[in-house]
There are 2 protein chains.
Amino acid sequence: MTPRGKQTVRDLRRSSRSTLLRHLYFHGPLSRQELGTATGLSAGSVSNVTGELLTDGLIEECGSVDSDGGRPRILLRVTPGQAHLVGIDIGETQVRVTLFDLALTELASADQPLLAAHDPERVVRMIAGGLDQVLAAAGVPAENVLGIGIGVPGIVEQGTGADPGAGTVVHGQTFGWDAVPFGRMLREHTPLPLYVDNGAKTLGQAEMWFGAGRGSRHAVVALFGSGVGACVIADGVRFRGATSSAGEWGHTKVHVGGRPCRCGSRGCLEAYVGAEALVERWDGTVPGTSEKAGLAALLRAAEEGRPSAVALLDEAAELLGASIADLVNLFNPERIVIGGWAGLLLGPRLLPAIGEAATRYALAYPRSRTTITLSDLGPDAVTLGAATLPLTHFLDSGGEMPDHLAAVAAV
Amino acid sequence: MTPRGKQTVRDLRRSSRSTLLRHLYFHGPLSRQELGTATGLSAGSVSNVTGELLTDGLIEECGSVDSDGGRPRILLRVTPGQAHLVGIDIGETQVRVTLFDLALTELASADQPLLAAHDPERVVRMIAGGLDQVLAAAGVPAENVLGIGIGVPGIVEQGTGADPGAGTVVHGQTFGWDAVPFGRMLREHTPLPLYVDNGAKTLGQAEMWFGAGRGSRHAVVALFGSGVGACVIADGVRFRGATSSAGEWGHTKVHVGGRPCRCGSRGCLEAYVGAEALVERWDGTVPGTSEKAGLAALLRAAEEGRPSAVALLDEAAELLGASIADLVNLFNPERIVIGGWAGLLLGPRLLPAIGEAATRYALAYPRSRTTITLSDLGPDAVTLGAATLPLTHFLDSGGEMPDHLAAVAAV
DNA sequence: CTGCTTACTTCACGCCGAGATTTAACGTCT
DNA sequence: AGACGTTAAATCTCGGCGTGAAGTAAGCAG
């Protein structure tokens, strides 16, 4: 059980670099002094390692603060422009490519509409085009990009070996992608490191880093859109399961044998409370309008007191609450964050009822240790979350620059 | 996110000791040679570390094998009698205390019946008595015991600080224990390290180490008894959640708003397929018979073709399959093991139907990567699993002996 | 300019694992 | 029997690590 790899003495340095870099990244500019007490490293080691990071250009000095009567502390921070990251969101209606600096400030963005056809080859070409576009717009050379994070709809099977990103295979049951060798197709267009994950999971990552999940180590980010998904964070890292498909909440059952779902099964949560299902079930649907407009109309009708709309939303809150209770019982999180465009739209109205239903359906003790909140991130969070994938790798490795320069030159 | 503690160069040695000890423990007697290639450590380091472990008495030489033409390899193994472990099962009807050696061979056991009254103070006294009894029977001094693992019914809140075991609080909703300071009460009777967890979880541990879960890193052990529970293993370690209560599968919903459950909620899986619920729902129940006899009678009736019994078991299989599908979707395990006394009893008959229902209700891709099997462990597995708790700690620490000798002397 | 405080740097030390070298413990061949 | 080859294990050297103490830098107050 739990075999741990061998460690050499050099791994210690990598661990120290990672610790300091990470701390500096998340807790703003800090002096070496503070860094030492916060991370537990001795002052000597901090000096040593920060010196290394400084000569590598990964961190830089930025001002100083007085220290009553003594030598002022020099503040250090991660150099924002030292490296860059690309985040890509492949949604139902568009492909969005965004370039960030290390501080995850958006530098350039490129949107391309995705109509009915989701042909993988076409999507890959759009990504390659968008990539060139944002790099050119910001004047950033490709070898300065640490990696490309991509959020895709569907289940992602991670690759293995030296270039795991290139081995990625995507199973997008509702997107029309069946075992698409997405990583291999992308690798033909770019030599940059690839990090692919499900779009709901990258949104969850963004929520954990910058949104309502900030500060918790055990959380579930519930994404409530056209379909329903979830991203589970356990002990600070995303829970992946054996084949990275953990957290497929939308197709858990609320009524075994109940309403048919687009996944082919029956009684799924998504078949009751997914935006598509809600709009379809509401008899006020006007053909030809979009899903978002339909859901907004449903909400308006409920606020005007139309009984059918009120009943539908009440039922949705009850089912969501019960299903969130399942998440509480199974994952025992500190926090549950409700996000996704439908969640943001209906959340303010439904949240109290959801919380009460969760209390009725969950076990008392874990429920008492969980708070349920709404997301506070905008719709661009998928690209942001996608960009955290290469960033996480960068911080974990202690600021190692991928050696794709040769590969770039070779293309 | 993911702060990792500082590491000194001495932690490397602990890591190496742990790696070698662990490998030796699980992969039988091995020569230093094989140990080196298997763990990736250099021959020099293996020699060095095993030398240390040998002088500590944690491992010993045991025979040798020829190496055609050269110096024979000396086999090493963990010294079974160097230390001992205690596993305790607090069940609905009895308290069982078992003493094991390091190889988890049973040395002595003490059972004490637990009738209607589950008074915590009484249970603690029974544990203390049983402990003295097994130690005396095997002639093992208390300071030779690495720790006491205890499986209790209910949700376990782990303590923190220097003596986490003593801070354990148990919330046993169905057992009549409400926030019982179990660790503190036990600490008054013994100075030995305490490791408390839910009984279903310790059973799951046993299943992972020695049962049907062996060899998988991502698994769910579903316990099917009077109630229903689960133990989730992610990446080789038990998934605990924020407050150690993750995996409370029995109270997830199969029909939101359905049958009332003893937990106070409605529509829980346990209210449909728990042994208590099944026996109660079957109209053939004879008052005064035990739950086990009742379930056996239900099974017999179904095998004789009684329609009401057949229908009840068919429905149970359908619901279990659907709920297992939820586990597949949410946790994405490699394997699902069905255990517990009711699972062992009904399993052979229900397993095919459960598997088919799971296939109907789960997403295709994760379901295709999961196998569903029956447990192959006996009823004493809870104590065995409980004993793995201190053992895990021992192996993780690289074979560190707890310094409770002074404490033993002081009592 | 002198002391004083505080932040940072340098350096000796003990310890680590890797890898090369040496020693140990066997078979086999002459 | 004794030399030799072969393989396992022990020993040794080496570069590298973090610690903690000693030393240096940079401000302030008098």
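Chain A is the first sequence line, chain B the second, and so forth, proteins listed ahead of strands; every chain is numbered from 1.
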- Item | Spacing between B:Q33 atom CD and C:dC26 atom C1', to the nearest angstrom | 15 Å
- Can you figure out which of D:dG16, C:dC8, D:dT19 approaches the side chain of A:S31 most closely? C:dC8
- Query: By ring pair (Phe, Tyr, Trp, His ring centres under 6.0 Å), which residues pair with A:Y195, not counting sequence neighbours?
  - Reply: A:H393
- Nucleotide C:dG19, atom C1' - distance to CG of B:N48 in whole Å: 14 Å
- Is any side-chain nitrogen or oxygen of B:R10 closer than 4.0 Å to OP1 or OP2 of C:dC15? no
- Message: Going by side chain to side chain donor-acceptor pair (under 3.5 Å), name the residues that satisfy it together with B:R238, two or more places apart in sequence or in a different chain.
- Response: B:D197
- Message: Tell me whether the side-chain N/O atoms of B:S16 come closer than 4.0 Å to OP1 or OP2 in C:dG17.
- Response: yes
- Query: With B:D66, which residues qualify under salt bridge (charged side-chain N to carboxylate O under 4.0 Å, His left out), at least two apart?
  - Reply: none
- Do the side-chain N or O atoms of A:S47 get closer than 4.0 angstrom to the phosphate oxygens (OP1, OP2) of C:dT9? yes
- Query: Tell me: CZ of A:R17 to P of D:dG18, nearest whole Å?
  - Reply: 11 Å
- Within this structure, what is the CG-to-C1' distance between B:L41 and D:dA9, rounded to whole angstrom? 15 Å
With the criterion being N/O to N/O and under 3.5 Å, what pairs connect the protein with nucleotides 26-30 of chain D, and how long is each?
residue : atom : partner : partner atom : Å
D:dG27  : N2   : A:G69   : O            : 2.5
D:dG27  : N3   : A:G69   : O            : 3.2

- Residue list, side chain to side chain donor-acceptor pair (under 3.5 Å) with B:R71, at least two apart or on another chain: none
- Item | Rounded distance in Å - CG (B:D11) to C1' (C:dG17) | 15 Å
- Task: Please determine if a side-chain N or O atom of A:T8 lies less than 4.0 Å away from the OP1 or OP2 oxygen of C:dG17.
- Result: no
- Item | Any residue meeting side chain to side chain donor-acceptor pair (under 3.5 Å) with B:Q82, in chain and number order, not counting sequence neighbours | none
- Task: Specify the separation, in whole Å, of atom CZ of A:R32 and atom P of C:dT10.
- Result: 10 Å
- Message: Please check: side-chain N/O of A:K201 versus main-chain N/O of A:G385, any donor-acceptor pairing under 3.5 Å?
- Response: no
- To the nearest Å, give me how far apart CG (B:L75) and P (C:dA25) are. 16 Å
- Message: Test of understanding: with side chain to side chain donor-acceptor pair (under 3.5 Å), list the residues that count as partners of A:T243, not counting sequence neighbours.
- Response: B:N332
- Message: Can you tell whether the side chains of A:R369 and A:E334 come within less than 4.0 Å, N to carboxylate O?
- Response: no
- Task: With sequence neighbours excluded, tell me which residues meet ring pair (Phe, Tyr, Trp, His ring centres under 6.0 Å) with A:F100.
- Result: none
- Task: Quickly work out the B:R13 CZ to C:dA18 P distance and round it to whole Å.
- Result: 10 Å
- Note on the structure: As a check of understanding: the bend across the helix from C:dC1-D:dG30 to C:dT30-D:dA1, end axes from five pairs, rounded to 10 degrees, works out to 30°
- Query: Does B:R73 make a side-chain N or O approach to OP1 or OP2 of D:dA8 shorter than 4.0 Å?
  - Reply: yes
